[in-house]
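Below is one structure, written out as structure tokens, with a few remarks after it.
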Number of protein chains: 2
Amino acid sequence: MTKTDHTPSIDRSSFEPAYAQLVNILHGQIASGLFRPGGRLPSESQLCRRYQVSPMTVRRAVNILVEQGLVSTSQGRGTFVKPMKLSTVMFGLDELRSVFDGNARNKVKLLEVSIVKAAEDVASRLDLHRGARVILIRRLIHKEAQPILYHREYLVYDPTRPVVEAEMEVTALHGLFAGTGETSLKRGELAIDAAVLGDEEAHLLMAPPGLPCFRLEHLFYDFDDHPLSWGVFFCRGDLIRFRATVGLSDRARQRGRKPGGRT
Amino acid sequence: MTKTDHTPSIDRSSFEPAYAQLVNILHGQIASGLFRPGGRLPSESQLCRRYQVSPMTVRRAVNILVEQGLVSTSQGRGTFVKPMKLSTVMFGLDELRSVFDGNARNKVKLLEVSIVKAAEDVASRLDLHRGARVILIRRLIHKEAQPILYHREYLVYDPTRPVVEAEMEVTALHGLFAGTGETSLKRGELAIDAAVLGDEEAHLLMAPPGLPCFRLEHLFYDFDDHPLSWGVFFCRGDLIRFRATVGLSDRARQRGRKPGGRT
DNA sequence: AAGTGGTCTAGACCACTAT
DNA sequence: TAGTGGTCTAGACCACTTT
């Protein structure tokens, strides 16, 4: 839908706030090539006059473009269109999150919940001494009735809380992705490695040993900055691929068309 | 000396803007556990009185926290601390960018620049007919004098531009990561797969065939939305690992770092 | 009705850059 | 000196939620 680029203007009776409309206008003008990478945008005072909005509103729109990485500002010089930059690409875990979307065919199967003595690697990660008791949880996650993820996790053992609650973690895993529940975690460190399935993982995932896979390691901390959980996800590489875009993505144009829009 | 967390206040003579100071104060209070996940922050009018700043300044600070994913706002209800959410994790390519940091021991070696006829896969990706002429570029990227990346790229052949310029792409590869130069690209689509090195890649990377690796595929478009470049990076999995953090990262706590916080 | 977030104004003052 | 971005004010009005 090509809207008239001749005289774009702010519609004060729209739901879309003025600053958002201005963001879309400028974004479109950059995407259309009106402002080229390295080129300069009109000054903020010019934009104020051009679109009949206050300086703060223009400022807010420009700030959003800066945060989106489309332009950069330089005090006393102006606002410039940034060239595409590969190193700004960000990959999310949307592909994994979709496994926990509540689809009935996406199941989390609990393989094991037990208390074990921490080996060297586990102890050092969880800041415990070797041989300390930890809770081992092993899960198999199915997507569309097919095993796709194998999760092995070690939790610090808290005698004040019954182990049964650890089973609740099955749902907590949902929450970790969805953002509900589990309020005792402050932060986490993650890493993704390239690997191949070992015999154990291959058997559980019903895949041939040696199959390329992603190895997603996680370490979660509580609000006292003590490690609480260390674990690894093994993801079948043939079923998961991480995607991202960089630069001016075409879609994502005016989103947020609310139903029942009053004029 | 630790800064008194009892009565944090805005320092108007500071170089740090008021809104940024307020962001840090609130961030610190959330990280310290004063406001727990699910809990409510003071209302904006309370914050105005508490810190003696105008509504717009408070609003800006809160907006930044929202963008950072630390809190969420609900009109008419208040501002609430968000629990940690795994699906918000974002992985960058910092690990790859460091290869192009200008270190003399990080070299890009050009293996091949030639004009070839596009095979089926190349043609479909670049929106050409099979057999069309394309420029094939093969590069080997070293980090610390060790081969770490193998890049195979296909460019649409533009008769109006001499092939020699394609060689300039060696430097353009730097620019792609650094953000300098190459202003003809509008956007790109990327994907990461888990894979293992084939014989060709293994030989070039001086690694055993079958070694786990990341396969980073890219497709770049120009401002007319025509594909310009399709290629693949093969990254030795034993030398590269992607990291990310989620939740309240221990970033610049300024002087507020508490020493010896044990038990 | 009271309180909350959300938008916006019409200026002000400052720091920086170019001429 | 003139123009640029950067911060900030002290309100206003609106939409929404709770009591």
Side-chain angles (χ1 to χ4, degrees), chain A residues 9-26 30 35 38-82 254-263, chain B residues 9-26 30 35 38-82:
Chain A
S9 62
I10 306 292
D11 175 10
R12 309 316 287 249
S13 65
S14 166
F15 279 107
E16 202 175 17
Y19 74 88
Q21 292 184 49
L22 187 49
V23 166
N24 285 335
I25 289 173
L26 294 174
I30 293 171
F35 304 125
R40 222 193 67 179
L41 259 58
S43 76
E44 300 191 357
S45 61
Q46 284 175 320
L47 292 174
C48 286
R49 290 193 296 274
R50 171 72 182 78
Y51 296 102
Q52 293 293 299
V53 290
S54 74
M56 276 295 273
T57 301
V58 167
R59 200 91 251 298
R60 187 168 179 180
V62 171
N63 270 338
I64 289 174
L65 292 175
V66 169
E67 287 154 15
Q68 290 180 352
L70 267 76
V71 305
S72 63
T73 55
S74 176
Q75 190 170 148
R77 301 205 304 129
T79 302
F80 303 86
V81 180
K82 287 172 68 171
Q254 54 263 36
R255 190 70 50 194
R257 268 290 170 247
K258 284 148 188 152
R262 295 188 321 217
T263 317
Chain B
S9 61
I10 306 292
D11 176 10
R12 309 314 289 249
S13 67
S14 169
F15 164 70
E16 203 177 15
Y19 73 88
Q21 293 184 47
L22 187 48
V23 165
N24 285 336
I25 289 173
L26 294 175
I30 293 171
F35 304 125
R40 223 193 66 180
L41 258 59
S43 76
E44 301 191 356
S45 62
Q46 284 175 322
L47 292 174
C48 287
R49 291 192 297 274
R50 172 73 182 78
Y51 296 103
Q52 293 294 298
V53 290
S54 75
M56 276 295 274
T57 301
V58 167
R59 196 95 250 298
R60 186 168 180 181
V62 171
N63 270 338
I64 289 174
L65 292 175
V66 170
E67 286 154 14
Q68 291 180 350
L70 268 77
V71 304
S72 64
T73 56
S74 176
Q75 189 171 145
R77 300 203 306 127
T79 302
F80 303 87
V81 179
K82 287 174 68 172

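Quantities reported herein were computed from a predicted structural model and do not represent experimental measurements. The figures here come from the full heavy-atom set of this structure, side chains too, leaving out hydrogens, waters and symmetry mates. Just so it is clear: chains get the letters A, B, ... in the order the sequence lines come, proteins before strands, and each one is counted from 1.
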Rounding to 0.5 Å, atoms CZ (Arg50(A)) and CG (Leu22(A)) come to a distance of 10.0 Å

**OP:** For the pair Gln21(A) (side chain) and Glu16(A) (backbone), establish whether a donor and an acceptor sit closer than 3.5 Å, ignoring hydrogens and angles.
**Re:** yes

**OP:** With side chain to side chain contact (heavy atoms under 4.5 Å, CB included) as the test, would you mind laying out the steps for Ile25(A) and Ile10(A) before giving the verdict?
**Re:** CA-CA 9 Å; Ile25(A) 289 173; Ile10(A) 306 292; 4.2 Å; yes

Between CD1 of Ile64(B) and C1' of dT7(D) the distance, given in whole Å, is 12 Å

Here the gap from Leu47(A) atom CG to Thr57(A) atom OG1, rounded to the nearest 0.5 Å, amounts to 11.5 Å

Detail all sub-3.5 Å separations between protein N/O atoms and N/O atoms belonging to nucleotides 2-4 of chain D.
{"from": "dG3(D)", "atom 1": "N2", "to": "Gly76(A)", "atom 2": "O", "distance (Å)": "3.3"}
{"from": "dT4(D)", "atom 1": "OP1", "to": "Ser43(A)", "atom 2": "OG", "distance (Å)": "3.2"}
{"from": "dT4(D)", "atom 1": "OP2", "to": "Ser45(A)", "atom 2": "OG", "distance (Å)": "3.4"}
{"from": "dT4(D)", "atom 1": "O2", "to": "Gly76(A)", "atom 2": "N", "distance (Å)": "3.2"}

Between Pro17(A) and Leu41(B), the residue closer to the 5' end of DNA chain C by nearest nucleotide is Leu41(B)

Query - Residue pair Glu44(B) / Val62(B), side-chain heavy-atom distance below 4.5 Å - result: yes

Atom CG of Asp11(B) and atom P of dC8(D) are separated, to the nearest Å, by 12 Å

Whole-Å distance, Leu26(A) CG to dG5(D) P, equals 12 Å

Item to complete: Without swapping roles, check the side chain of Ser74(A) against the backbone of Arg77(A) for a donor-acceptor pair under 3.5 Å.
Response: no

Leu22(A) atom CG is separated from dT7(C) atom C1', nearest whole Å, by 14 Å

Per atom distances to the Thr57(B) side chain, the nearest of dC8(D), dG5(D), dG5(C) is dC8(D)

When rounded to whole Å, the CD to P distance for the pair Glu16(B) and dC14(C) reads 21 Å

Base, sugar-phosphate, or nothing: which does Val53(B) touch, judged by heavy atoms less than 4.0 Å apart?
-> sugar-phosphate

Taken to the nearest whole Å, CZ/Arg60(B) to C1'/dG5(C) is 18 Å

Review point. Hey, does the side chain of Arg12(B) come within less than 4.0 Å of dC14(C)'s phosphate (OP1/OP2), counting only N and O?
Key: no

Exercise for review: Check whether any side-chain N or O of Tyr19(A) sits under 4.0 Å from OP1 or OP2 of dT7(C), and answer yes or no.
Suggested key: yes

